[in-house]
2 protein chains.
Amino acid sequence: MKQRIGDFLLRRLEEAGTRHLFGVPGDYNLGLMQQLEDRGKPVWIGNCNELNASYAADAYARINGIGALIVTHGVGALSAINGVGGAYCEHVPVICIAGSLPLRAIERGDLMHHTMCDREKEDLLRIFSEVTAAVGRLYPDNAATEIDRLILTAWRQKRPVYMELPSDIAYLEVDVPDRPLELKMPQSDQESLKAASAMILQRLHDAKSPAFLLDLDAIRFGVSGQVMELAQRFQMPIATLNCAKGAVAESSAQFVGTYGGAFSASAAREAIEGSDCLLTIGYRRIETSTGFFSAKLPPSAIHLNSDYIDTAAKTYQGVYIAELLQFLVSATSGVVATKKSARPLEPLNFVRSDEPLTQDQYWKAMRNFLRPGDVLVVEDGTPSNGLSPLTLPDDCTFISQAFVYCSIGYATGALLGAMLASPGRRHFLFTGEGSLQMTVQEISTILRHDLKPFIFVGNNGGYTVERAVLGRDAQYNDVANWRYSELPNVLTRNNQTETYVVQTGNELQKVLDAPHSGMVFVECVTNKYDAPPALIVGGHALADSDYGVPGPQSVANSQIEMPKGNGKLTPV
Amino acid sequence: MKQRIGDFLLRRLEEAGTRHLFGVPGDYNLGLMQQLEDRGKPVWIGNCNELNASYAADAYARINGIGALIVTHGVGALSAINGVGGAYCEHVPVICIAGSLPLRAIERGDLMHHTMCDREKEDLLRIFSEVTAAVGRLYPDNAATEIDRLILTAWRQKRPVYMELPSDIAYLEVDVPDRPLELKMPQSDQESLKAASAMILQRLHDAKSPAFLLDLDAIRFGVSGQVMELAQRFQMPIATLNCAKGAVAESSAQFVGTYGGAFSASAAREAIEGSDCLLTIGYRRIETSTGFFSAKLPPSAIHLNSDYIDTAAKTYQGVYIAELLQFLVSATSGVVATKKSARPLEPLNFVRSDEPLTQDQYWKAMRNFLRPGDVLVVEDGTPSNGLSPLTLPDDCTFISQAFVYCSIGYATGALLGAMLASPGRRHFLFTGEGSLQMTVQEISTILRHDLKPFIFVGNNGGYTVERAVLGRDAQYNDVANWRYSELPNVLTRNNQTETYVVQTGNELQKVLDAPHSGMVFVECVTNKYDAPPALIVGGHALADSDYGVPGPQSVANSQIEMPKGNGKLTPV
């Protein structure tokens, strides 16, 4: 059939499951924007800027399975690149579509606005090739195949791609396939699949202490169900890396907590380091997710990666993880699963008072307020370090860049994407004021679409996450003090937000206990030196990793220290 | 002498004239931040995010001669890259310093947070090499020479550079030069200089209608004084490209206006296209600065570029523009300059009323309010198209990215940088609401440092700059409607801003006539279809350039049209 290139692209995005598109219009993409407006779907969600759009598309894709944004050439694409890089780092399938220079300008070598004006026409393709799984520029003769290649690559690899749609071809009609785009993984090499499965099953049957360690690919490739099934059949404890929080129900008897080498609680550490058949899912050895490389995985571990299986001795290429795990589940259907009863989630005890709110009270109160199925968008810093150590209700979705890419400001943009991807659930943003300032304007887009999250902003006088690393009292860790609670009613003309400032545990609890109908925005004031223990321990380790010996962190009072008597989480 | 690498870097920045440093702290740069805090200068200006920091550093450099920002590896650098790209495109010497991965991690190939986590350690150097004049990573054995090389390259080429300072070497002591860094251009090749000068002087003496056409390098390389001197001696009219507005006093008898090919007023067009000895300064043939390539420069034009002279027949390499122009001035000191009296700047006439404010009234009122020496930071869109056609008072500095890189949001960040670079002058931000939303948080940094600009925000219901290109009534050109005038008193806790909303000419004039002592923030409401004529004509030309034939712009009512009876500025 014949279809205009822009229309075909939009059709393919929709067939791939994209119900919303994020981004910012600009002259090179207005043709595509007009096609989108005329077509009516996917729904356009205009963002305040491109970085925020990229964060929104990332979180949307984490829940929805795929996400996309439309930007303009050069200025727009480069404004979005940090979010695209985050998607690459954290394995999220985001399609970044740049309405780009007309082909005429490329052919003629014209100098054009929005570019470096140095005659380079491939520069953005080269730049984006560093932060994506694939890049491509559409031409009339390749558009149909390139669009499918790029979307499929993103979806299969769970990585972003970058696509340039020259502004003068969006309206050209070309031959395109009639059939809808089918998102499916290639089939594994069957011989490798069987050999790998046989090896794994043999190891599982021989094992005395098999275990699972889940990295974030367990979530991205949607294999938590099979993992749990196998874990129950083979009585395997499951630990997650910090960046895979929520991959399995934390109430499950199988779940033993977060593993991070020397930074782990003992149950997770024993289960992982003492396993004689450790199966990892997508394991990556990154300093911030492996306790600064203190993780000690048994050399006999079997690493199940997205498209290959790896052991110390052998590699099995072309084996896709979901197919493999399903094969293992089917092959072991005769094994009777022992389903131990789940641990009920008890409320966390803490003393509420009219004294200044502490981080400890804050996060316990938050945890108690959460319900199964909530979506938590959690900023890097005090929020991630406050919430991560706490056991969450089942079926919560934990969205964060806090453990690997760690780009602060992500969470505010991500909240928008998460909400559009999962209507009908409760959504929470947990952020700090320094992070909020990075991308604050996107709250207006949330208000514009009448979305009603809970937004908790910790105001603790600056970058406390950095005061734990270096500069305990340094001015560079201060930020301007805004009237945060007044923001929502300035970023829209419809006063529809309940806003609060809380300074004590009692005030916080009163807000939580009240009935709510609109967006709830709560500024939570805590002391600038009060930090979750995990933040302090992690901050010190980060300083040692970053600055070497002796380094500025060895100077007295250069870092927030752990309060006396609290030695938990100190690496051994 | 011995000095720590970080301290030496800060010393060199200061010696190069950097009195303020912009940026955002992050764990990989905290060592350098601590050295900065201990040293006390340059003054640290913490920004809300890195993109804003890059815009601020750019505007700072335009006035100060050089600017710098400090970011953290990966997430920080990529968040800043669009502003660095803008500096590259528009020839601004910005030093982008990334506190980066410890050398240990690079040597070991460790996967580290804030990166793509794919073992690439050169990726950011490659990425930034596309948008800078030079990139470099500091090591203990090259730090002293690399720092000087990068700073000098930026200053000499008026282009940004990217420097990685690994986090574990900032405190290492190395051998460094005692002597201060001297910012000076290399000397031209003397034979080429003399040959070029002789050729130019011969052409000038033979010419009947010599003229100057100035591109933005005339401002960046600081040669306006020599240009004016020569123009007076040889009775040369001077035209500027739109992106060089303010390069010479617009009241001067020599100045004939903006040249943009078919989009020029007749005086400029005749002077340039009819010249038998046209000297251009840094001329680049970019679609948005040459009337969509309608510029018709005489083939006999002599192009004076930053480091070479070019004629149709010959090129003279290694001739630096400031040295060449000074040589020409000295060589013609015997020529008596005819200094015609300047044209007095008459107030612009328009009828004020209680009717809704029009764009025409708005910009005329603004022009009348300006005084010699003011600094104007002008956003792309209605502001640039409203103000550019108007003659400005002498010695105004016009800071804008509106004509070449055109990254909206630039102006708000740029205002901060411009103010710190030129204390004691009056500063104006002219922006629109769509652009303001991109980078709005930086107003808080302006307030934090007690700076007192005039901020005029045009609120015209969305991206009017795009409605003139495509999507006159499209939803994608709408933006959320904020309570703009309440922003300044939310972005700080010290109510110190005078805020206004004006909807009529009389209301606007009343604000302008009132005495002011603090920041003045004025939301100016105009109709969403009301646009400066230059915006409409330019928008239509942009659509034809971008979308080809027939293109979506050929549909009725797809663009804002010129009001009947206003045919000015239509290309012939």
Side-chain angles (χ1 to χ4, degrees), chain A residues 25 27-28 30-31 33-34 37 44 46 48-49 75 78-79 81-82 85 88-89 102 110-114 116-117 123 126-127 130-131 167-168 171 284-288 404 406-407 437-438 440-441 444 448 466 469-471 474 476 480-483 486-487 490-491 493 542 546-548 552, chain B residues 25 27-28 30-31 33-34 37 44 46 48-49 75 78-79 81-82 85 88-89 102 110-114 116-117 123 126-127 130-131 167-168 284-288 404 406-407 437-438 440-441 444 448 466 469-471 474 476 480-483 486-487 490-491 493 542 546-548 551-552:
Chain A
D27 66 280
Y28 293 124
L30 289 185
M33 293 304 307
Q34 190 59 45
E37 178 124 345
W44 173 246
C48 294
N49 66 38
V75 295
L78 290 179
S79 294
I81 193 172
N82 182 52
Y88 182 86
C89 171
D110 286 343
L111 301 189
M112 303 290 284
H113 77 287
H114 282 351
M116 300 307 125
C117 290
D123 52 356
R126 286 195 299 271
I127 287 172
E130 302 285 348
V131 301
S167 63
D168 56 353
Y171 276 71
R284 292 190 295 174
R285 197 168 162 273
I286 299 167
E287 106 274 44
T288 41
V404 185
C406 308
S407 184
Q437 291 190 6
M438 291 246 163
V440 62
Q441 50 271 85
S444 87
R448 188 179 177 191
E466 294 185 352
V469 180
L470 195 66
Y476 55 78
N481 199 13
W482 300 1
R483 298 183 205 277
E486 297 181 22
L487 276 169
V490 168
L491 300 180
R493 301 219 173 193
L542 204 59
D546 283 355
Y547 313 130
Chain B
D27 66 280
Y28 292 125
L30 290 183
M33 292 305 307
Q34 190 59 46
E37 178 124 346
W44 174 245
C48 294
N49 66 38
V75 296
L78 290 179
S79 294
I81 193 173
N82 183 53
Y88 182 85
C89 170
D110 286 342
L111 302 188
M112 303 290 284
H113 77 287
H114 282 352
M116 300 307 126
C117 290
D123 51 357
R126 286 196 298 271
I127 288 171
E130 302 285 348
V131 300
S167 63
D168 56 352
R284 292 190 294 174
R285 197 168 162 273
I286 299 166
E287 106 275 44
T288 41
V404 186
C406 308
S407 184
Q437 291 190 7
M438 291 247 163
V440 61
Q441 51 271 84
S444 88
R448 189 180 176 190
E466 294 185 352
V469 179
L470 194 67
Y476 56 77
N481 199 12
W482 299 1
R483 298 184 204 276
E486 297 181 22
L487 276 168
V490 167
L491 300 180
R493 302 219 174 194
L542 204 58
D546 283 355
Y547 313 131

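What you are looking at is a predicted structure, and each value in this text was computed from that prediction instead of being measured.
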Locate the shortest heavy-atom distance separating [X] from [Y]; write the atom from each residue and the value.
X: B:Gly31; Y: A:Pro552; value: CA-CG, 4.2 Å
X: B:Arg284; Y: B:Cys89; value: NH2-O, 2.8 Å
X: A:Val469; Y: A:Tyr547; value: CG1-OH, 3.6 Å
X: B:Leu491; Y: B:Val440; value: CD1-O, 3.9 Å

Interchain contact, [X] with chain B, by part (heavy-atom threshold 4.5 Å):
X: A:Leu542; value: side chain
X: A:Glu466; value: both
X: A:Ser79; value: both

If we define contacts as heavy-atom pairs under 4.5 Å, which of [options] has the most with chain B?
options: A:Ile81, A:Asp123, A:Ile286; value: A:Ile286
options: A:Asn82, A:Thr288, A:Asp110; value: A:Asn82
options: A:Gly85, A:Ser407, A:Gly471, A:Cys48; value: A:Cys48
options: A:Asn481, A:Asp168, A:Val131; value: A:Asn481
options: A:Pro25, A:Cys117, A:Gly548, A:Pro102; value: A:Pro25
options: A:Met33, A:Gln437, A:Met116; value: A:Met116

Quiz item: Looking at residues at least two apart in the chain, or sitting in another chain, which of them share a side chain to side chain donor-acceptor pair (under 3.5 Å) with A:Gln34?
Solution: A:Asp38, B:Tyr476
Exercise. Using non-hydrogen atoms and a 4.5 Å limit, figure out which bit of B:Glu37 sits close to chain A: side chain, backbone, both or neither.
Key: side chain
Practice problem: Could you list the residues that satisfy salt bridge (Lys or Arg N to Asp or Glu O under 4.0 Å) with A:Glu130, not counting sequence neighbours? | Solution: B:Arg126
Quiz prompt | Residue selection (most heavy-atom pairs with chain A, distance under 4.5 Å) from B:Arg285, B:Met112, B:Glu486 | solution = B:Met112
Quiz item: Stepwise, does the side-chain contact (heavy atoms from CB on, under 4.5 Å) test hold for A:Leu78 with A:Ile127?
Solution: CA-CA 9 Å; A:Leu78 290 179; A:Ile127 287 172; 4.2 Å; yes
Self-check item: Geometric class of the B:His114/B:Tyr28 ring pair [parallel <30°, tilted 30-60°, perpendicular >60°]
Solution: perpendicular
